[in-house]
2 protein chains.
Amino acid sequence: MNISQAAQRAGLSSKALRYYETINLLQPARGPNGYREYSRDDVETLQFIQRARACGFAVEEVRQLLALHRDPARQSHDAKQLVEEKLQQIEQQLQTLKIMKKTLRGLADSCAGDDSPECAILSQLANRV
Amino acid sequence: MNISQAAQRAGLSSKALRYYETINLLQPARGPNGYREYSRDDVETLQFIQRARACGFAVEEVRQLLALHRDPARQSHDAKQLVEEKLQQIEQQLQTLKIMKKTLRGLADSCAGDDSPECAILSQLANRV
DNA sequence: CTTGACCTTCCCCTTGCAGTAACCTTGAGG
DNA sequence: CCTCAAGGTTACTGCAAGGGGAAGGTCAAG
């Protein structure tokens, strides 16, 4: 099948599929007209990629996951470790965002938000928050 | 004062300060030797920038905040709106991360993590999660 | 035959700097 | 006076993960 259909089935963009090809993540076959031809297997791989990306894995990490997926001698320990590491990163980002949110909430609540130039947000940013 | 001292006082890198200059966010004076000379006012501005960045504002948004900060005819309403919008973005990111976390937690918990090739993580990524 | 919807490659743009190279300046010490 | 390390300067490249758009080939339908 052609690129846009494959992209749609995998929940990705055509641009992304072309990109994955340039970085050697997935090489579809080519028809006589030069068009990319994605097999059903390719689409499954693309779905794998899409799901892993949606879980927060970077493309290079997806490459590792795919390698494990294809390796019959893999150890589930390895995949689990990747997931646990990603979990820690996500947790870290959550903490950062929560602090930002708290700070922003405090700023917003301290500001009248009227037409006066007096603004607690700007003065707190100008001094210590 | 020279760039690295200014950077240190603001909690930023020298590279960042040079970058802010190239994008016309903050133009320090220059000494006869060509060195950048940061005034105390400059450092305060840099601290403003650093705090706003730490709250999640993009550099272009910081530029707007700075413009408001310098505008005596500003309305606190405008600053508050920027903060509220940022809050919504942060909230959105938090939701996304929370879903990722849940999904990853589920994947990790379903996997034995031993030396067997049987791996629930990989099979769930390969089929629907 | 033509039209419009696909497809192709190629190149620039994004964010916020970090890294590196090649080259000045400055202050301290022998 | 000379040197050397620790600063400073510009300029260029690179990162992640594609998006946008140009210029041109292909395909199916009317």
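Every chain is numbered from 1, with letters handed out A, B, ... down the list of sequences. The structure presented is a predicted model; accordingly, all values stated were derived computationally and were not measured.
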Practice prompt. Give one of base, sugar-phosphate or nothing for A:Ile3, where a contact means two heavy atoms less than 4.0 Å apart.
Written response: sugar-phosphate
Worksheet, complete the sentence: Rounded to whole Å, CD of B:Glu37 lies from P of D:dG7 at a distance of 18 Å
Tabulate atom names and distances for all N/O pairs under 3.5 angstrom spanning the protein and nucleotides 21-23 of chain D.
unit_1	atom_1	unit_2	atom_2	d
D:dG21	O6	A:Lys15	NZ	2.7

Discussion item. Regarding B:Ser110 and B:Gln124, do their side chains bring together a donor and an acceptor under 3.5 Å, going by distance alone?
Written reply: yes
Worksheet item: How many Å lie between CD on A:Glu60 and C1' on D:dG14, as a whole number?
Response: 15 Å
Worksheet item: Just wondering, more than 12 heavy atoms not from A:Glu21 lying within 6.0 Å of its CD?
Response: yes
Discussion item. Please determine whether a side-chain nitrogen of the Lys or Arg among B:Glu44 and B:Arg9 lies less than 4.0 Å from a carboxylate oxygen of the Asp or Glu.
Written reply: no
Worksheet item: With a 4.5 Å heavy-atom cut-off, do A:Lys101 and B:Leu94 have their side chains touching?
Response: yes
Worksheet item: Got a donor-acceptor contact below 3.5 angstrom from the B:Asn33 side chain to the B:Tyr35 backbone?
Response: yes
Worksheet item: In whole Å, what is the span from the CE atom of B:Met1 to the C1' atom of D:dG7?
Response: 16 Å
Worksheet item: When we call it a touch if two heavy atoms are under 4.0 Å apart, what does A:Ser14 touch: a base, just sugar-phosphate, or nothing?
Response: nothing
Discussion item. Distance check needed: D:dA11 P versus B:Arg18 CZ, whole Å only.
Written reply: 13 Å
Worksheet item: Is a salt bridge present between B:Asp78 and B:Arg74, judged by a nitrogen-to-oxygen distance below 4.0 Å?
Response: no
Discussion item. I'd like the 5' and 3' limits of the part of DNA chain C contacted by chain A, with heavy-atom contacts below 4.0 Å.
Written reply: C:dC6 to C:dC10
Item to complete: May I ask you to verify whether the side chain of A:Tyr35 and the base of D:dG25 hold a donor-acceptor pair under 3.5 Å?
Response: yes
Fill in: Residue B:Asn2, side-chain heavy atoms: nucleotide from D:dT26, D:dG8, D:dG19 that is nearest
D:dG8
Worksheet item: For residues A:Gln81 and A:Glu85, is any side-chain donor paired with an opposing acceptor at under 3.5 Å?
Response: yes
Item to complete: Kindly calculate the angle separating the two end axes of the helix from C:dC1-D:dG30 to C:dG30-D:dC1, each obtained from five base pairs, and round it to 10 degrees.
Response: 30°
Fill in: Atom pair distance, as rounded to whole Å: CG in A:Leu12 and C1' in D:dG19
14 Å
Worksheet, complete the sentence: Here the distance between atom P of D:dA16 and atom OH of A:Tyr19, to the nearest Å, is 6 Å
Worksheet entry | N/O (side chain, A:Asn33) to phosphate O (OP1/OP2, D:dC27) under 4.0 Å | yes
Discussion item. Quick check against the 3.5 Å criterion: does B:Asp71 have a side-chain atom that pairs as donor or acceptor with the backbone of B:Leu68?
Written reply: no
Worksheet item: Can you check the B:Gln8 CD to D:dG8 P distance for me, whole Å?
Response: 11 Å
Worksheet item: Tell me: CZ of A:Arg53 to C1' of D:dA16, nearest whole Å?
Response: 8 Å
Discussion item. We want to know whether B:Glu91 and B:Gln95 form a side-chain donor-acceptor pair, criterion being a heavy-atom distance below 3.5 angstrom.
Written reply: yes
Worksheet item: Salt bridge or not for A:Glu61 and A:Arg53, using N-O below 4.0 Å?
Response: no
Worksheet item: With respect to the phosphate group of D:dT10, does any side-chain polar atom (N or O) of B:Arg36 fall under 4.0 Å of OP1 or OP2?
Response: yes
Practice prompt. Go through the steps to decide whether A:Thr45 and A:Tyr20 satisfy the test side chain to side chain contact (heavy atoms under 4.5 Å, CB included), and finish with yes or no.
Written response: CA-CA 11 Å; A:Thr45 301; A:Tyr20 296 153; over 6 Å; no
Worksheet entry | Polar side chain donor-acceptor pair, A:Ser76 to B:Glu118, under 3.5 angstrom | no
